[in-house]
2 protein chains.
Amino acid sequence: MQTEEEILKIKKVKNTAVRTVVLRHLLSQEKAQSLKDIENALAYTDRSSIFRTLKKFEENKVIHSIEDGSGMTKYAVCAKGCNCDPKDLHYHFYCTNCDKTFCLFDVPIPKIQLPENFKLQQANMVVKGLCDNCNK
Amino acid sequence: MQTEEEILKIKKVKNTAVRTVVLRHLLSQEKAQSLKDIENALAYTDRSSIFRTLKKFEENKVIHSIEDGSGMTKYAVCAKGCNCDPKDLHYHFYCTNCDKTFCLFDVPIPKIQLPENFKLQQANMVVKGLCDNCNK
DNA sequence: TAATCTTTGCAATCGAGTTGCAGTAAATCC
DNA sequence: GGATTTACTGCAACTCGATTGCAAAGATTA
Ligand SMILES: [Mn+2]
Ligand SMILES: [Mn+2]
Ligand SMILES: [Zn+2]
Ligand SMILES: [Zn+2]
């Protein structure tokens, strides 16, 4: 596992106190985090600073965002080597019971056969249902 | 093609003036519509009435909603026989150039192999890129 | 008809996201 | 080093899509 400093260096994001703590928090969580989640976890860091940090991170491919339909955008750290290309596409799972959203890095995404002359750039694939913990 | 009245009858939604005109509008558009789109198109119908109509429609599977990442939820009429089950799943395409979102009813969705003991209920699959019109 | 339930329009509110601005810190240039 | 420029941060204010309370209007039922 890389340290926060290493990740930021690779992704060419200048290291600051806020950025380190935000990235550390994201790395420590198994579920994707909303701005509010992060704000709650980092009591002394301002929301707009976190917000701008997330924007910067997303721009530089440190993290990617997920629209899971909960009304709050979620963020998750990109896998090592990820470039947010179509090849890095993966499903996200949203548990309708416990509200947890996370990346399904291990579930392969089949090639999508778009109609004639369409060009794929990115995708937001959210699968919803019950996670193993809630499906009992 | 079924009429608005027929659709509402089948889906057990009582027919009213607002509902008819909202459904008619949705049927007339090839791209999925946001609340604002509908509000703009139906100048004399109140937003909250349209909003509640959409909620009712969604509840009764007249329409389904799409989170395309644009910040506004889009709505599209369900295909005939659709029950919004996993079997009715389909991709949605969002054109990053012209901002159009629509259902890709013809692109098959492969079976998603979820991790052990996960249960699939629904999904929001949005593919983003350039539509044929914009990919030139 | 009278009582009851549903739908509608209007105004107010909510809340996630975003921005302006001034102060602080860091990087760059003499 | 010290001056200048550039980047980051915190606070408050604001935007805007979504949602709700409420009373009037309409439809249904007894
Ligand atoms: Mn992910
Ligand atoms: Mn659709
Ligand atoms: Zn769960
Ligand atoms: Zn287009």
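Lettering follows sequence order; numbering is per chain, from 1.
For residues 16-30 of chain B, proximity to DNA chain C is found at B:Thr16, B:Val18, B:Arg19, defined as any non-hydrogen atom under 4.0 angstrom from a strand atom.
Not counting sequence neighbours, the partners of B:Phe105 by the ring-ring contact (aromatic ring centres under 6.0 Å, His included) test are B:His90. Partners of A:Glu58 under the salt bridge (charged side-chain N to carboxylate O under 4.0 Å, His left out) rule, at least two apart in sequence or in another chain, do not exist in this structure. Partners of B:Glu67 according to the salt bridge (charged side-chain N to carboxylate O under 4.0 Å, His left out) rule, which considers only residues two or more places apart in sequence or in another chain, do not exist here. Residues satisfying the salt bridge (charged side-chain N to carboxylate O under 4.0 Å, His left out) test with A:Lys100, not counting sequence neighbours, are A:Glu30. The salt bridge (charged side-chain N to carboxylate O under 4.0 Å, His left out) check on A:Arg52 picks up nothing, with sequence neighbours excluded.
As rounded to whole Å, 14 Å separates atom C1' of D:dT9 from atom CG of A:Leu54. Rounded to an integer number of Å, the gap from OH of B:Tyr44 to P of C:dT8 is 19 Å. When the P atom of C:dG15 is taken as reference, atom CG of A:Asp37 falls 16 Å away, rounded to whole Å. Rounded to whole Å, the distance from NZ on A:Lys12 to C1' on C:dA27 is 18 Å. Atom CD in A:Glu39 sits roughly 12 Å away from atom P in D:dG10 (whole-Å rounding).
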Could you run through nucleotides 12-27 of chain D and give me one letter per nucleotide, 5' to 3': B if any protein heavy atom sits under 4.0 Å from the base, S if only the sugar-phosphate is that close, - if neither? -----SBBBBB-----

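As a member of the Ile/Leu/Val/Met/Phe/Trp/Tyr network built from side-chain separations under 4.5 Å, B:Val126 groups with B:Ile66, B:Tyr94.
Pairs of residues two or more places apart, or lying in two chains, that qualify as side-chain hydrogen bond (donor to acceptor under 3.5 Å, both in side chains) and include a residue from residues 18-29 of chain B are B:Glu4-B:Arg24, B:Asn15-B:Thr20, B:His25-B:Gln33.
Contact between B:Lys87 and B:Gly81 at its shortest, heavy atoms only, is NZ-O, 4.1 Å.
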